Number of protein chains: 2
Amino acid sequence: MKIVKNKKVSHEVLTQFGCEVLDKTSMSKEDAQILVETLVEADLRGVHTHGMNIFPRYVRSFLQGIINPTPNIKLVRDEGAISVIDADNGIGHVAMNYAVKKAAQNAADYGIGMTTVTNSNHFGAAAYYVTRLAEKGFIGYVVTNAPAILPAFGGMVPVLGNNPFAYAIPTNGDPIVLDMALSPVAVGKLRIMAQDDEEIPEGWAIDKDGKPTNKAKEAISGITLPIAGHKGYGISFINEILAGALSGSKVSTEIPRSGFSTHNPSSMDQFGVGHTVIAISVSSLIDKEIFFERVGTLKNTVINSKKADSVEKIYVPGEIEFERLHERVKNGIPLSEEIIQKLIQIGKEVEVSFPI
Amino acid sequence: MKIVKNKKVSHEVLTQFGCEVLDKTSMSKEDAQILVETLVEADLRGVHTHGMNIFPRYVRSFLQGIINPTPNIKLVRDEGAISVIDADNGIGHVAMNYAVKKAAQNAADYGIGMTTVTNSNHFGAAAYYVTRLAEKGFIGYVVTNAPAILPAFGGMVPVLGNNPFAYAIPTNGDPIVLDMALSPVAVGKLRIMAQDDEEIPEGWAIDKDGKPTNKAKEAISGITLPIAGHKGYGISFINEILAGALSGSKVSTEIPRSGFSTHNPSSMDQFGVGHTVIAISVSSLIDKEIFFERVGTLKNTVINSKKADSVEKIYVPGEIEFERLHERVKNGIPLSEEIIQKLIQIGKEVEVSFPI
């Protein structure tokens, strides 16, 4: 893997650049702010695949009319603790911002609230949405479906998305956040491993003939498997239903996947996927202090348990990302030369100069 | 592994035997029926670890007063779409029967309903509860915490339960049911593999020094890991919160685990764990016919996708278990000699003869 020097950029500068670029599309200033904040938070957390790295593709999709930059987001159903939102082919981040607020309102009123989103697109990092809920005292759960890249258990061709899902749990400090997909490794990372002819763990992939392989190269010409065999297959299948089918959205191979089969796509496909968000009001269920004590007992037992020799510290889910976020808010976000070049390029295309 | 001839017993005969045995405890006939039905359904589905195999341990715990055979199940909170139930140290199955009905009622009223259960015990197979919800048109989700048998990611000692969770999705036919735990293999199965000095897949376990091992024998003296590395660790951690902390129940190493460390425990520990059930009313969110069409499209795409050479058929989650159930309802449940001996023994202890 090539070693590149990373330049540091403050999150404020990065956010401002993103908003200036989006100002050259027809997107509203408010929606632009939401979208860019979501991306920059992913960079702060060190999840660059869902950060500004992907921003130029969004911008081109807005300019080309593939994704609607000025969606008319509609509340299609709103009964009891349930709401349904039509994203009008807008970017997922903007629709989800609305969906999360609606679920939180329902949870405040009924103890639990649920919102589905249909007719939507890529929504970035699920962690962003559940974290907003946890900050307000709700347990957050978010799931989306996505272009099919994983086979069925026993299958050889892609029929299920990696279908990411996330939970956030409020605590006295940073929330506990789990954000994960059902694929064993990001496609981009596997490509780099294949270039270096690296070995991969058992169970990650099959080759083009459907046989298990431990070579990244053979995995690239074959297919990566869901995590944990039939268990990951099962979760991916259920997530496809909870996000896609339940919102009446596209599922499985109906979703375009050019962005996943091309190494360096310039824009983002119109997915037509769905998302689901559930908010649970902790204080409706239990005295908050008791809950915090219970979570604290669990956390302390786990992080103070006996470590393997090679392990320095045991982390709870999301803790590494929050450590990074706090450090990067102070000291700036290190961006790879590749990402910086992408941002300079999209800046050029809309006549906004990248500020470093 | 020893080959044993399995005798077939009809589910009606097995249910009647179970109820007769429980009639020798102080458990009510109604609760006994619920408990035995849950166990026999697990046997019908082929999940014998959660079937009548475990029944003698329950019975002795009732007789010894470890688990309360006559719990006063109380509705502690009941506001909006949220309910909280105190199981009064009864067996989980009985409390869950109540919790599932309450969640379904709340979902009928508000679109989504949630019930937590505290002060509870082993609840058997999670699939049973979500299936009851799916039969009534609800998407069901159930989670429990359990005695700590899994280490943290990077840890060497047990701090998290295998924390099973289940989903069921209503369809035009049998529901789609996913019921899974976060451990890679049942402890009982691993013990048999160790006796036969079998190899185990990469990532299943570490030895007593914390090093990865592919030998079942070394795994037994070490510890099995959560599935899929940090991802399974993350889900197990979250489940411990959703079921245990959120219900104010015991978490992590607070839960007794003698039943997991002893090969053949005669009774069941008093766990003090919690469970959570969520019911989602599909028709509150979407026209049912559209939902069935979307799920059907997903299912058909998946089961008709290209198979690996060695694979005869692609199944959707829960399908194998329903195939077994339908066959066994007709032709009887094959029980191993070991299970039959256990049932004969518990029958002797309470003076009920096993009917085969």
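Naming: A, B, ... by sequence-line order, numbering from 1 per chain. Because the structure is predicted, anything quoted here is derived from the model rather than measured.
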Contact part of E254(A) toward chain B, heavy-atom cut-off under 4.5 Å: side chain, backbone, both or neither? side chain
Do K231(B) side-chain atoms and A181(A) backbone N/O form a donor-acceptor pair below 3.5 Å? yes
Just by distance, do the side chain of R294(A) and the backbone of I241(B) share a donor-acceptor pair under 3.5 Å? no
Between F292(A) and chain B, with a heavy-atom cut-off of 4.5 Å, which part of the residue counts as in contact: side chain, backbone, both or neither? neither
Does any heavy atom of chain B fall under 4.5 Å from the side chain of S247(A), the backbone, both, or neither of them? backbone
For D287(A) and R77(B), work out which heavy atoms get closest and say how close. N-NH2, 3.6 Å
For L242(A), which atoms come within 4.5 Å of any heavy atom of chain B: side chain, backbone, both, or neither? side chain
One option among T301(B), V282(B), I303(B) has the most heavy-atom pairs under 4.5 Å with chain A, and it is T301(B)
Taking atom OG1 of T276(B) and atom CD1 of I280(A), what is their separation to the nearest 0.5 Å? 7.5 Å
Beyond-backbone contact of F153(A) with V316(B), side-chain heavy atoms, under 4.5 angstrom: no
For the residue pair G155(B) and I314(A), what are the closest heavy atoms and their distance? CA-CD1, 3.8 Å
Pick from L160(A), V311(A), I82(A): which one has the most heavy-atom pairs with chain B under 4.5 Å? I82(A)
Heavy-atom distance under 4.5 Å to chain B: side chain of V76(A), backbone, both or neither? neither
Search all heavy atoms of V295(B) against all heavy atoms of A245(A) and return the closest pair with its distance. CG2-CB, 3.9 Å
Would you check if I235(A) and F165(B) make a side-chain contact, meaning some heavy-atom pair closer than 4.5 Å? yes
Would you mind checking which part of L246(A) comes under 4.5 Å of any heavy atom in chain B, side chain (CB onward), backbone (N, CA, C, O), both or neither? both
Engaged part of I206(B) at the chain A interface, taking heavy atoms whose separation is under 4.5 Å: neither
I'd like to check V302(B) versus Y233(A) (side-chain heavy atoms, cut-off strictly below 4.5 Å). Are they in contact? yes
Of all of V157(B), L298(B), D309(B), T118(B), which one pairs up most often with chain A through heavy atoms under 4.5 Å apart? L298(B)
Is the count of non-hydrogen atoms from other residues, nucleotides or ligands lying under 6.0 Å from K288(A) atom NZ greater than 12? yes
Do you know the tightest heavy-atom contact between S305(A) and V159(B)? CB-CG1, 3.5 Å
Side chain, backbone, both or neither: which part of S249(A) has a non-hydrogen atom closer than 4.5 Å to chain B? backbone
Below 4.5 Å from any heavy atom of chain B, which atoms of E202(A) appear? Answer side chain, backbone, both or neither. both
At a heavy-atom separation under 4.5 Å, does F237(A) approach chain B through its side chain, its backbone, both, or neither? both
Hits for ring pair (Phe, Tyr, Trp, His ring centres under 6.0 Å) against Y110(A), two or more places apart or cross-chain, chain-then-number order -> Y110(B)
Calculate, to the nearest 0.5 Å, the distance between atoms NZ and CD1 belonging to K306(B) and I223(A) respectively. 11.0 Å
Most heavy-atom pairs under 4.5 Å with chain B, out of I238(A), V251(A), N106(A), V84(A), belong to I238(A)
Compare every heavy atom of A308(B) with every heavy atom of G210(A), then report the nearest pair and how far apart it is. O-CB, 4.3 Å
Among A81(A), A228(A), G80(A), the residue with the most heavy-atom pairs under 4.5 Å to chain B is A81(A)
Between S283(A) and chain B, with a heavy-atom cut-off of 4.5 Å, which part of the residue counts as in contact: side chain, backbone, both or neither? backbone
Among I227(A), T253(A), L285(A), single out the residue with the greatest number of heavy-atom pairs under 4.5 Å to chain B. L285(A)
More than 12 non-hydrogen atoms from neighbouring residues, nucleotides or ligands closer than 6.0 Å to NZ on K208(A), yes or no? no
Atom pair CE (M114(A)) and CD1 (I278(B)), whose distance is rounded to the nearest 0.5 Å: 9.5 Å
Is I286(A) close to chain B through its backbone or its side chain, or both, or neither, when contacts mean heavy atoms under 4.5 Å? both
